[in-house]
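Just passing along the structure, written as structure tokens.
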Amino acid sequence: MIKKIYLIIIVSIFSSTITFAQGSLDIHFNGMGFMDNREYKDYVSRSNTYSGTRLALDLGLNLDSNNHFIVGVNTLHEFGSRKFMKADPVAYYNYTNKNWNFNIGAFSREGLLSDYPRALLNDTLRYYRPNIQGMLLNYKNEHFTENLWIDWLSKQSPTDREQFLVGFSGKYRPVTTGPFYVTHYFQLMHNAYTSNEQAGDHIEDNGGIQVKLGLDFSHKTILDSLTIEAGALVSIERIRDVTDLNTPKGFVASAYLGYKRFALYEEFYKGQGSHINYGDGFYQNKTYNRVDLIYTPIIFKNIKGSFVFSLHNTPSRTSSQQAFRLTYDLGRKVLTRFKS
């Protein structure tokens with residue numbers, strides 16, 4: 001009897017929410033399949049083949065055009081694994097309007113932080129940590145965009161340290177029709193104590209910042225895409241009470257060329273070498289050059305499949321990487337609309 005009363009109350013509350021919401025209920029499905037073979041001679045422990053499929057499904061309750069509640073799941077199955085699925089919950093509130101976008105909860109980083117340089121956030125996060133657990137605030141207008149975010153990695157316990165990433169990134173284009181723009185990216189990992197602080201434990205701060213000047217000549221030559229960037233990379237490295245604050249610096253430059261289904265990306269780094277925990281380990285070298293040859297045979301509405309062959313050149317040797325990734329996103333589909 002009591003269970004029936006609780007059920008009636010829950011249904012009544014939900015029904016009244018729908019009545020006043022004047023919104024809609026929608027569904028969103030997207031995913032990715034990947035085969036990524038890495039022959040890293042510099043980092044033998046990371047010479048792995050990453051392969052699997054990631055599927056995400058969620059339901060969105062849209063109270064109006066600005067306020068949204070989204071609940072779902074993002075699952076990963078690694079090919080050959082005996083465990084069928086690893087599931088990451090999706091549960092967050094989203095506010096959006098013409099200029100602002102705010103998320104709080106557990107939500108996908110794809111499309112929000114996916115443009116971060118690999119020197120600061122390595123590309124395997126896309127496979128194994130697809131969600132941000134925290135908050136993200138985005139502002140954009142005709143000339144300017146900026147992100148401010150925090151991502152919790154570990155909750156403090158007797159055995160686990162308190163860990164989180166915090167960062168901001170943005171882009172400024174002074175003339176919307178002109179080629180010139182400026183980008184900046186920052187992230188810092190805070191690695192604190194467990195709840196049972198032990199002798200010899202120390203708080204660690206680790207991260208970096210990258211600032212670049214860029215020129216975008218896309219659709220202004222025979223190429224579909226042509227961008228050139230150059231700037232600086234500075235890492236932030238400190239173990240409190242053990243080391244001073246170290247800030248290794250370096251020069252970084254990149255170019256991207258795209259024509260129909262083919263593309264080439266090249267990045268060059270020269271400097272003191274950076275040890276960024278969540279960044280790509282190749283930037284620990286004082287000189288590093290990466291070349292990506294990209295072919296995209298599958299281009300369909302909401303579906304894209306690309307082959308990428310990469311060469312990683314350091315002073316001591318050359319490593320290679322071969323990858324195929326298929327991404328698909330069916331978008332948000334309205335299931336029903338609520339009327340007042």
Does Asn97 use its side chain to pair, donor to acceptor, with the backbone of Asn99 at less than 3.5 Å?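 A pair under 3.5 Å: yes.
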
Would you say the side chain of Leu137 lies within less than 4.5 Å of the side chain of Trp100, judging by non-hydrogen atoms?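 Counting from C-beta outward, Trp100 and Leu137 do come under 4.5 Å.
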
If two hydrophobic side chains count as joined below 4.5 Å and joins carry through other members, does Val242 share a cluster with Ile236?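 No.
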
Taking Arg173 for the side chain and Gly178 for the main chain, is one N or O donor matched with an acceptor at less than 3.5 Å?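 Answer holds: yes.
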
For Pro179 and Phe217, work out which heavy atoms get closest and say how close.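 For Pro179 versus Phe217, the nearest heavy atoms are CB-CE2, 3.9 Å.
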
Same apolar cluster: Phe268 and Leu264, side chain cutoff 4.5 Å: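 No, no single cluster joins them.
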
Using a 4.5 Å cut-off on heavy atoms from C-beta on, say whether the side chain of Phe300 contacts that of Tyr328.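 Side chain of Tyr328 against side chain of Phe300, heavy atoms only: no contact under 4.5 Å found.
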
Parallel, tilted or perpendicular: rings of Tyr288 and Tyr283 (30°, 60°):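 Rings of Tyr283 and Tyr288: perpendicular, as their planes differ by over 60°.
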
Distance (rounded to the nearest 0.5 Å) between His68 NE2 and Phe102 CZ: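 One finds 13.0 Å between NE2 of His68 and CZ of Phe102.
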
Electrostatic pair Arg118-Asp292, nearest N-O below 4.0 angstrom: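 Counted as a salt bridge, because a side-chain N and a carboxylate O are separated by less than 4.0 Å.
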
With a 4.5 Å cut-off on side-chain heavy-atom distances among I, L, V, M, F, W and Y, is there a chain of contacts connecting Tyr259 to Ile294?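 Different clusters: Tyr259 never reaches Ile294 through Ile, Leu, Val, Met, Phe, Trp or Tyr contacts under 4.5 Å.
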
Dump the intermediate steps for side chain to side chain donor-acceptor pair (under 3.5 Å) on Ser254 and Lys212, then the final yes or no. CA-CA 10 Å; Ser254 62; Lys212 281 183 175 181; 3.1 Å; yes

OG1 of Thr314 to CZ of Arg290: how many Å apart, nearest 0.5 Å?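 The distance works out to 13.5 Å.
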
Is there a donor-acceptor pair closer than 3.5 Å between any side-chain N or O of Arg109 and the backbone N or O of Ile132?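 It does not hold such a pair.
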
Donor-acceptor contact below 3.5 Å, side chain Gln156 vs main chain Tyr193: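 Between the backbone of Tyr193 and the side chain of Gln156 there is a qualifying donor-acceptor contact (under 3.5 Å).
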
Specify whether Tyr139 and Phe144 have parallel, tilted or perpendicular ring planes, treating 30° as the upper limit for parallel and 60° as the lower limit for perpendicular.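 Aromatic pair Tyr139/Phe144 classed tilted.
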
Flag, side chain of Asn289 to backbone of Glu267, donor-acceptor distance under 3.5 Å: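 Yes, Asn289 side chain to Glu267 backbone: donor-acceptor pair under 3.5 Å.
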
Start with the C-alpha distance between Leu57 and Leu55, add both sets of side-chain angles, then the distance that settles side-chain contact (heavy atoms from CB on, under 4.5 Å), and finish with yes or no. CA-CA 7 Å; Leu57 180 69; Leu55 303 174; over 6 Å; no

Between Asp58 and Arg332, is there a side-chain N and carboxylate O pair less than 4.0 Å apart?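 Answer for the salt bridge query: yes.
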
Asn138 side chain near Trp149 side chain, heavy-atom distance below 4.5 Å: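 No - every pair of side-chain heavy atoms lies 4.5 Å or more apart.
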
For the atom pair CE (Met35) and OG (Ser51), what is the distance rounded to the nearest 0.5 Å?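 Met35 CE to Ser51 OG: 5.0 Å, rounded to 0.5 Å.
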
Flag yes if more than 12 heavy atoms outside Lys220 fall under 6.0 Å of its NZ atom; otherwise flag no.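 More than 12 within 6.0 Å, yes.
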
Are the side chains of Gln187 and Leu113 in touch, meaning some heavy atoms are under 4.5 Å apart?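 In short, these two side chains do not touch, never coming nearer than 4.5 Å.
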
Contact check, side chains of Tyr278 and Leu153, non-hydrogen atoms, under 4.5 Å: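 Result yes, sub-4.5 Å side-chain heavy-atom pair found.
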
Would you indicate whether Leu245, at its atom CG, is surrounded by more than 12 heavy atoms from other residues, nucleotides or ligands within a distance under 6.0 Å?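 Correct, the count exceeds 12.
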
Check this for me, if you would: do Asp115 and Lys171 make a salt bridge, where the nitrogen-to-carboxylate-oxygen distance has to be below 4.0 angstrom?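 No, no charged N to carboxylate O under 4.0 Å.
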
Kindly give the heavy-atom pair with the smallest separation between Ala192 and Ile203, and that separation in Å.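 That closest heavy-atom pairing would be CA-CG1, 4.2 Å.
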
In terms of hydrophobic clustering (I, L, V, M, F, W, Y; side-chain heavy atoms under 4.5 Å; direct or indirect links), are Tyr181 and Tyr185 co-clustered?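 Each belongs to a different hydrophobic cluster.
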
Does Pro89 offer a backbone N or O that forms a donor-acceptor pair with the side chain of Asn131 under 3.5 Å?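 Checked: pair present.
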
Is it the case that over 12 heavy atoms from other parts of the model lie below 6.0 angstrom from the CG atom of Asp244?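 No, CG of Asp244 has 12 or fewer neighbouring heavy atoms, counting only those of other groups under 6.0 Å.
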
Find the distance between NE2 (His143) and OG1 (Thr145) and round it off to the nearest 0.5 Å.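 Reported to 0.5 Å precision, the distance equals 13.5 Å.
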
Indicate whether any N or O donor in one side chain lies under 3.5 Å from an N or O acceptor in the other, for Glu229 and Thr227.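 No donor-acceptor contact under 3.5 Å links the two side chains.
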
Let me see the working for Leu59 and Ile27 under side-chain contact (heavy atoms from CB on, under 4.5 Å), right down to the final yes or no. CA-CA 5 Å; Leu59 294 174; Ile27 188 169; 3.9 Å; yes

For the residue pair Tyr265 and Tyr256, categorise the inter-ring angle as parallel (less than 30°), tilted (30 to 60°) or perpendicular (more than 60°).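 Tilted.
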
Backbone N/O of Thr247 and side chain of Lys249: donor-acceptor pair under 3.5 Å: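 Checking the backbone N and O of Thr247 against the side chain of Lys249, a donor-acceptor pair under 3.5 Å is found.
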
Nearest 0.5 Å, what's the CG-OG distance between Leu233 and Ser274?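 So the gap between those two atoms works out to 4.5 Å.
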
Steps toward side-chain contact (heavy atoms from CB on, under 4.5 Å) verdict (Thr327, Glu110): CA-CA 11 Å; Thr327 59; Glu110 194 74 18; 5.9 Å; no

Which heavy atom of Gly207 sits nearest to which heavy atom of Leu188, and what is that distance?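 Result for this residue pair: N-CD1, 3.9 Å.
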
Salt bridge present between Lys155 and Asp160 (N-O < 4.0 angstrom):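 No, Lys155 and Asp160 are not salt-bridged.
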
Looking at Asn67, Asn62, Asn101, which hits side chain to side chain donor-acceptor pair (under 3.5 Å) with Asn94?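 When Asn67, Asn62, Asn101 are each tested with Asn94, the side chain to side chain donor-acceptor pair (under 3.5 Å) holds only for Asn101.
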
Parallel, tilted or perpendicular, judged at 30° and 60°: which one describes the rings of His190 and Phe164?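 His190 and Phe164: tilted rings.
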
Shortest non-hydrogen contact between Arg261 and Ile298, atoms and distance: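 It is NH1-N, 4.1 Å.
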
Just checking, any donor-acceptor pair under 3.5 angstrom between side chains of Tyr40 and Gln321?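 Gln321 and Tyr40 do have a side-chain donor-acceptor pair below 3.5 Å.
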
If you count every heavy atom of other residues, nucleotides or ligands that lies below 6.0 Å from Arg337 atom CZ, does the total exceed 12?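 For Arg337, atom CZ is not crowded (no more than 12 foreign heavy atoms under 6.0 Å).
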
Please assess Glu237 against Ser235 for the test side chain to side chain donor-acceptor pair (under 3.5 Å), listing each intermediate value before the final yes or no. CA-CA 6 Å; Glu237 306 167 17; Ser235 61; 2.8 Å; yes

Hey, does Thr336 have a side-chain heavy atom less than 4.5 Å from the side chain of Phe338?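 Yes. Closest side-chain heavy atoms under 4.5 Å.
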
Does some side-chain heavy atom of Asn147 sit less than 4.5 Å from a side-chain heavy atom of Leu112?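 Leu112 vs Asn147: side chains apart.
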
Side chain to side chain donor-acceptor pair (under 3.5 Å) between Asn122 and Thr124: does it pass, once the steps are laid out? CA-CA 6 Å; Asn122 68 72; Thr124 57; 2.4 Å; yes

Assign the ring pair Phe282 / His312 to parallel, tilted or perpendicular, where the plane angle (0 to 90°) is split at 30° and 60°.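 Phe282 vs His312 ring planes: parallel.
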
Check for me, please, whether Val175 and Tyr172 land in the same ILVMFWY cluster - side-chain distances under 4.5 Å, paths through other members count.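 Shared cluster, no.
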
Begin with the C-alpha distance, continue with both residues' side-chain angles, and end with the deciding distance and a verdict on side-chain contact (heavy atoms from CB on, under 4.5 Å) for Phe107 and Ile70. CA-CA 9 Å; Phe107 52 94; Ile70 296 94; over 6 Å; no

Is there a side-chain contact between Ser218 and Ser225 (heavy atoms, below 4.5 Å)?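 Answer yes - side chains close enough.
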
How about Asn206 and His275: does a side-chain donor come under 3.5 Å of a side-chain acceptor?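 Side chains of Asn206 and His275: no pair found under 3.5 Å.
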
Checking Ser306 side chain against Thr296 main chain: does a donor-acceptor pair fall under 3.5 Å?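 Looks like no, no N/O pair under 3.5 Å.
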
Between the side chain of Asp151 and the main-chain N/O of Gln133, is any donor-acceptor distance below 3.5 Å?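 Here the side-chain-to-backbone pair exists.
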
Thinking salt bridges, do Arg325 and Asp36 make one under a 4.0 Å N-O criterion?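 Between Asp36 and Arg325 there is a salt bridge, with a charged N closer than 4.0 Å to a carboxylate O.
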
Do Asp123 and Arg38 sit within salt-bridge range, that is, some charged N less than 4.0 Å from a carboxylate O?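 Answer for the salt bridge query: yes.
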
